[in-house]
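Notes for the one structure printed next.
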Number of protein chains: 2
Amino acid sequence: MRGIDVDSMLCFDLYSTHHAVGQIYTPLLTPLGLTYPQYLVLVVLWRSDDLVVGEIGERLHLESSTLTPLIKRLEGQGLVRRTRDARDERKVRVTLTPEGRALRQQASHIPGCIMAAFGLPLDELIALHTTLGRVRASVLARAAADGA
Amino acid sequence: MRGIDVDSMLCFDLYSTHHAVGQIYTPLLTPLGLTYPQYLVLVVLWRSDDLVVGEIGERLHLESSTLTPLIKRLEGQGLVRRTRDARDERKVRVTLTPEGRALRQQASHIPGCIMAAFGLPLDELIALHTTLGRVRASVLARAAADGA
DNA sequence: TACGATTTAATCGTGTACGATATTAATCAC
DNA sequence: GTGATTAATATCGTACACGATTAAATCGTA
């Protein structure tokens, strides 16, 4: 019974903390006309523009079935362009428009707001980052082992 | 630029670790015919049966617009019953059926599997739980302050 | 070169998730 | 005690998110 508690709480910690962070993002992103997943795609593109759908999916752990409509919505807002790769027509290259690049400035205050909302000193933020990275690696290794 | 990195990574840590944990849950829950949110509702009911929709929503941070159809699916599977509260007909009481209670045994191995997948010693699991609890409280306080 | 296997996105169906709104029941004000 | 307000759930529209399937292009190899 005690073991069940620790487990449930820890999984639920991830779930509910993630959920709480979403509540911080929403009021920051709504004025920009973005959802959180859309913002993540733009963050990826701001870091390295001109990516193929699959590359964005790799970085965000998202499938094409999720990304295709999402990116089409970004295209509809004039933030990105979707073009077939000339060399390999299976691939769709996603590039920022000038509007998409410009939005980066309007979003530049967001990371600081989020970090502040966490309410942890820098060294604890880094420790949390490290711990979560270890957990993720361990969990993914287990998932891969089960899959095999 | 450095601040942006730490922030992005930490938010994304929660997002992607949560995502990875989902990959562990899915093969464990699919044989039981459950999704992760459905499992969470049952965990809540296994702990204290006969709750009102709003009480389940409080515990899981979910709205009635999410819970109503989800609980109806559990009802369709014969795991719970939904009945109007006799004293206050606005409320819908959710109670486990014998099948819903019985499923607890079939799911009893899951918490151990999850905890093992985390790959952390117990003291670090507890520390992570504590840290995430603090983060969540801080973030929720900030969200409430912004909302006010 | 031809043809089967692989890769890449897109599509489809199901299930969350939320905000806004609607609906119904209970409670409050006076 | 009736009308306004509040509370609880349900409904609706939009947007993820995934697995399974499909379609088209490329690659491997005979």
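Sequence lines set the chain letters: A, B, ... in the order given, protein chains first and strands last, and positions in each chain run from 1.
- Residues A/Glu63 and A/Ser65 bring no donor and acceptor atom of their side chains to less than 3.5 Å of each other.
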- Item | Heavy-atom protein contacts under 4.0 Å, nucleotides 5-18 of chain D, coded B base, S sugar-phosphate only, - none | --BSSBBB--SSBB

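- Separating the CG atom of B/Leu60 from the P atom of C/dC18 is a distance of 10 Å, rounded to the nearest angstrom.
- Cluster annotation: B/Tyr15 is not connected to A/Leu140 through the hydrophobic network of ILVMFWY side chains, with a link wherever side-chain heavy atoms come within less than 4.5 Å.
- Side chain of B/Arg47 to main chain of B/Val43: no donor-acceptor pair is present (N/O by atom type, distance under 3.5 Å, no hydrogens or angles).
- Computed from coordinates, the B/Arg87 CZ to C/dT27 P distance equals 12 Å when rounded to whole Å.
- Per the geometry, CD1 belonging to B/Ile71 stands 13 Å off P belonging to C/dA17, to the nearest Å.
- Between B/Tyr39 and B/Trp46, the two ring planes are perpendicular [angle over 60°; tilted spans 30° to 60°].
- Between A/His61 and B/His19, the angle of the ring planes stays under 30°, which puts this pair in the parallel group of the 30/60° scheme.
- In this structure, A/Leu29 atom CG and C/dG19 atom C1' are separated by 16 Å, rounded to whole Å.
- Cluster membership check: B/Val52 does not share its hydrophobic cluster with B/Val92, using side-chain heavy-atom separations under 4.5 Å among Ile, Leu, Val, Met, Phe, Trp and Tyr.
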